[in-house]
**Q** 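Take this structure, written in structure tokens, and hold onto it; I'll ask about it next.
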Amino acid sequence: FIRHVVPIVGGILSGAPKEYAHLQNSIKDFPSPPMFRELMQNLSCGDEGKGHFDMDPVVHMNFGSVQLYLGSAVKPEPEIVTDTETQ
């Protein structure tokens, strides 16, 4: 539906068929839900790139045409410097 009907109807209703053709191409080129979740899980974030994302399971909506990706940034534990390490 979203790959065939939406670009045609959206192009007709908006008068901008090229933009809706681009939508179809971007959907086609987007990674699969498991692959996108893995890409997000493996991203580095935070100070010096030492953090990461803890991703929730993917929520599929609208008969699988829409996915919701939720994740939380996880910061690394700060290093504790003891007196013996500074001397």
**Q** Is it the case that the side chain of Gln41 and the backbone of Met55 share a donor-acceptor pair, with hydrogens and angles ignored and the cut-off at 3.5 Å?
**A**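 Yes, because the side chain of Gln41 sits within donor-acceptor range (under 3.5 Å) of the backbone of Met55.
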
**Q** Does Met35, at its CE atom, have more than 12 non-hydrogen atoms belonging to other residues, nucleotides or ligands within less than 6.0 Å?
**A**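 Atom CE in Met35 is not crowded, with 12 or fewer foreign heavy atoms closer than 6.0 Å.
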
**Q** Go through it in stages, so that I can follow the logic: the residues are His60 and Val58, the test is side chain to side chain contact (heavy atoms under 4.5 Å, CB included), and I'd like the CA-CA distance, side-chain angles, deciding distance and then a yes or no.
**A** CA-CA 6 Å; His60 299 278; Val58 178; 3.9 Å; yes

**Q** Determine, stepwise, if the pair Ser72 / Phe53 fulfils side chain to side chain contact (heavy atoms under 4.5 Å, CB included).
**A** CA-CA 5 Å; Ser72 302; Phe53 287 98; over 6 Å; no

**Q** To the closest 0.5 Å, what do you measure between CZ (Phe30) and CZ (Phe36)?
**A**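 Here the interatomic distance stands at 4.0 Å.
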
**Q** Can you list the steps and then say if Leu43 with Leu39 is a side chain to side chain contact (heavy atoms under 4.5 Å, CB included)?
**A** CA-CA 6 Å; Leu43 281 177; Leu39 288 169; 5.9 Å; no

**Q** Ignoring hydrogens and geometry, is there a side-chain-to-backbone donor-acceptor pair from Arg37 to Asp56 under 3.5 Å?
**A**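 Checked: pair present.
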
**Q** Rounded to the nearest 0.5 Å, what separation is found between the OG atom of Ser44 and the NE2 atom of His52?
**A**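 Ser44 OG to His52 NE2: 10.0 Å, rounded to 0.5 Å.
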
**Q** When you group the ILVMFWY residues by side-chain heavy-atom contacts below 4.5 Å and let the links chain together, are Leu68 and Phe63 in the same group?
**A**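 The answer is no; the residues belong to distinct hydrophobic clusters.
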
